[in-house]
Amino acid sequence: MRAIISALCLTIATPPALRSQTPALPGVVRAGLEAYKVSGAYSAVKTWLANSAIVEQSGSTAQAFQKAEQAYGRMVGYETLEVIPLGTHASRSYVIILYEKGPIYVWFECYKTKDDWIMTSFLFNAKADVILPPKMLGH
């Protein structure tokens with residue numbers, strides 16, 4: 001009887017433990033989010049797009065984040081929802097950027113070079129269903 005109860009407890013406890021093994025947020029994503037908290041949108045975008053092929057988008061992207069700040073207030077934190085490996089050299093990270101008055105949903109795609117991760121693209125929107133896959137929305 002004890003063995004059955006122990007096995008049942010392990011079965012119930014296993015799924016959350018497995019979920020906590022989501023791959024880590026790529027360093028470039030984390031560094032940009034931390035820069036955003038401390039120094040604002042321009043610093044975040046500069047960090048995200050360092051060494052990136054999409055660096056020319058930095059000005060308009062920073063302005064778009066500043067418009068989000070005008071609507072939602074200052075950035076106060078972030079939550080990592082999921083990091084999905086796309087093979088061995090690429091990943092997509094789903095993040096919620098938390099502002100004083102609401103969230104912005106973001107996905108970041110990164111590429112692992114020999115030395116480090118670089119940003120290849122990202123997209124953000126105030127509407128979760130534009131950014132998050134249906135399975136994350138309970139569909």
Heavy-atom pair of closest approach, residues L132 and L81: CD2-CD1, 3.8 Å
Carboxylate-amine/guanidinium proximity below 4.0 Å for K135 and E82: yes
Take Y72 and K67 through the side-chain contact (heavy atoms from CB on, under 4.5 Å) test and state the conclusion after the steps. CA-CA 9 Å; Y72 291 101; K67 284 185 180 184; over 6 Å; no
Verify the cluster assignment for L49 and Y111: are they in a single hydrophobic cluster under the rule of side-chain heavy atoms below 4.5 Å apart? no
Compare every heavy atom of L137 with every heavy atom of A128, then report the nearest pair and how far apart it is. CB-CD2, 3.9 Å
Taking atom NZ of K37 as the centre, report whether more than 12 heavy atoms of other residues, nucleotides or ligands fall under 6.0 Å from it. yes
Kindly compute the distance separating CG (L25) from OG1 (T80), expressed to the nearest 0.5 Å. 4.5 Å
In this structure, CH2 of W107 is separated from CE of M136 (nearest 0.5 Å) by 14.0 Å
Between the CZ atom in R30 and the OG1 atom in T47, the distance rounded to the nearest 0.5 Å is 14.0 Å
Below 4.5 Å, heavy atoms only, C-beta onward: do I131 and L123 meet side chain to side chain? yes
Separation between CG of D129 and OH of Y105, rounded to the nearest 0.5 Å: 9.5 Å
What pairs of donor and acceptor atoms, side-chain ones from residues 83-98 against any protein atom, are under 3.5 angstrom apart with sequence neighbours left out?
{"residue": "R92", "atom": "NE", "partner": "E109", "partner atom": "OE2", "Å": "2.9"}
{"residue": "R92", "atom": "NH1", "partner": "Y94", "partner atom": "OH", "Å": "3.2"}
{"residue": "R92", "atom": "NH2", "partner": "E109", "partner atom": "OE2", "Å": "2.5"}

Nearest heavy-atom pair of S52 and M119: which atoms, and what distance? OG-O, 2.6 Å
Note: Q66 and A41 closest approach over all heavy atoms is CG-CB, 4.0 Å
CD of E69 to CD of E100: how many Å apart, nearest 0.5 Å? 9.5 Å
For side-chain contact (heavy atoms from CB on, under 4.5 Å), just list the numbers for V29 and C110, CA-CA rounded to whole Å, side-chain angles, deciding distance to a tenth of an Å, and then say yes or no. CA-CA 8 Å; V29 175; C110 297; 3.5 Å; yes
What's the separation between atom CD1 in I104 and atom CG in N125, rounded to the nearest 0.5 Å? 7.0 Å
Non-neighbouring partners of F65 that pass ring-ring contact (aromatic ring centres under 6.0 Å, His included), sequence neighbours left out: Y36, W48, F124
Taking all non-hydrogen atoms of both residues, which atom of W117 and which atom of G27 are closest, and how far apart? CD1-N, 4.2 Å
